[in-house]
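Letters go in sequence order (proteins before strands), and every chain restarts at 1.
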Amino acid sequence: MLDIKFIRENTELVNQALTNRHDDASLEEILTLDQQYRERILVLEELRRERKAAARQKQASEEMINKGRELRTNIQSLEEEIRGLNAQLNDLLLRIPNIPDPSVPVGKDETDNVVLRTWGELPAFDFKPAPHWELGESLGIIDFERGVKLSGSRFYVLKGMGARLQRALITFMIDLHTNEHGFEEIYPPYMVKQECMVGSSNLPKFKDNLYHDEEDDLWFVPTAEVPLTNLHRDEIIPPGILPIYYAAYTACFRREKMSAGKDTRGIKRGHQFDKVELYKYVEPATSGEELEKLLASAEDVCRKLKLPYRILQLCTADISFASVKSYDIEMWAPGCSEWLEVSSCSNCGDFQARRANIRYRPTPDAKPQFVHTLNGSGLALPRVLIAVIENYQQADGSIIVPEVLRSYVGADVIR
RNA sequence: GGAGGGAUCGCAUAGUGGUCUAGUGCGGGCGCCUGCUAAGCGCUUACCCUGGGUGACUGGGGUCGUGGGUUCAAAUCCCACUCCCUCCGCCA
């Protein structure tokens, strides 16, 4: 969420940001509401001051009681009006996206993202590389039909070495991030309360993409970013604690309403998938460099797996709602011959911190201020699984297990 | 799922309609005193919104788990919700 004061004082800048993002939200109504709200508050406070002063008198005369009745009526109707204004204002504010950093290229859609660099050699095969859905079925490690039988389209079952390979990847990633990159491992709930979804910017705008349990009003996390953001919701972090680095493995649940019909083949886009997520709470001045470090931590996974990848700088139209600046990591998948997004690393500035009310105290006697938060996948499992299967495939349909995974998998080759 | 108890400043607690402008103790901070790692004394101690002043500062309002309600007046009474505790039942 943006600071209403900031919007008030930098309306042009915010409007420009909305234009650059191709977001159709409007500030006009917000500014009108804000002005009304503040005018009414002033009147209300004066009435309350009168009531307070009167209530301090011990004895109440008939006259005072009558005057008090009148005050009460006025205060109540004013309070109701202000509540309404505030609710409207808040709802609109929650739908305004973050302002992109000036270094983010202005673009109209994802085709304006910029490839910053590419790492590794694209593998050369002396046979036609197969897509993972063919390899997965022939090796008996991915069962699409039974996934559909259990849960419908966009669900699949991993079997035997397929399940094991995924579990190996998860463990490998968490070990890497906790042992070498300074992250603390977190195992969070997969279902959270509504206010968590608001704090991490998933609600109200992206309701359609979330699973929701009606009976207990719990929301299924679409990413561990949600619980990790809310871990410190409504907290003031004491001096000397930041930066905080968290790594969490969770399943992720997405209805994929916005991507209906897209990527229905294989395991690229399911309703349920696994992900190792990296998350940082940092001091505002450091968030720029922390984003670069976050990206490096995620990249390290690709390098250790020896999988070719490239780094994209996302343009203004493609960075996520809460983001100031984002990089995507895409791995090469020779079977389906496309670059697969395996990670998106974002600096959210104080956007989520303001929504979730996460502050820190720079020094013991300083006023609390909002932290900056960053998130990035490290990495998303199904697509890494695809990349491993397709890049490490051999002519006979077997898959070589990447060196760093062998101790976890307990085999050199999956056949 | 059933029955009961509870949520007040960092911690512990007092407060059952106006004397609460929320007290006290501990802890924290600042200072004073003192010939000695102690003790004592004084002051101070959260957050949000909104105004004034260049500034050191300062005015107003709100917050006693959350949201409503009753009342001239609510920490206190009523309703709903959230969370915690105790007991019973069920349970991987």
Discussion item. Using 30° and 60° as the class boundaries, would you call the ring planes of A:His271 and A:Phe155 parallel, tilted or perpendicular?
Written reply: tilted
Worksheet item: Is the NZ atom of A:Lys304 crowded by more than 12 outside heavy atoms at less than 6.0 Å?
Response: yes
Discussion item. Within residues 74-83 of chain A, which residues have any heavy atom lying less than 4.0 Å from an atom of RNA chain B?
Written reply: A:Gln76, A:Arg83
Discussion item. Can you measure A:Arg40 atom CZ to B:rG61 atom C1' for me and round it to whole angstrom units?
Written reply: 16 Å
Worksheet item: Which sits closer to the 5' end of RNA chain B, A:Leu44 or A:Ile236, going by the nucleotide each is nearest to?
Response: A:Ile236
Worksheet, complete the sentence: Note: for A:Arg38 and A:Arg359 on RNA chain B, the residue whose nearest nucleotide lies more 5' is A:Arg359
Discussion item. Would you measure the distance from the C1' atom in B:rU37 across to the matching atom in B:rC48 and give it in whole Å?
Written reply: 43 Å
Worksheet item: Do A:Glu299 and A:Arg303 meet the salt-bridge criterion of a basic N to acidic O distance under 4.0 Å?
Response: yes
Practice prompt. Report the base-pairing partner of B:rG25 (Watson-Crick or G-U wobble, both distances below 3.5 angstrom), or none.
Written response: B:rC11
Practice prompt. To the nearest Å, give me how far apart CZ (A:Arg48) and P (B:rU63) are.
Written response: 7 Å
Item to complete: Identify the nucleotide, in any strand shown, that forms a Watson-Crick or G-U wobble pair with B:rU16, with both distances under 3.5 Å; if there is none, say none.
Response: none
Worksheet item: When the distance from CZ of A:Arg49 to P of B:rA73 is rounded to whole Å, what number comes out?
Response: 17 Å
Response to the item:
Atom CD of A:Gln194 and atom C1' of B:rG67 are separated, to the nearest Å, by 14 Å
Discussion item. Between B:rU8 and B:rC72, how far apart are the two C1' atoms, rounded to whole Å?
Written reply: 26 Å
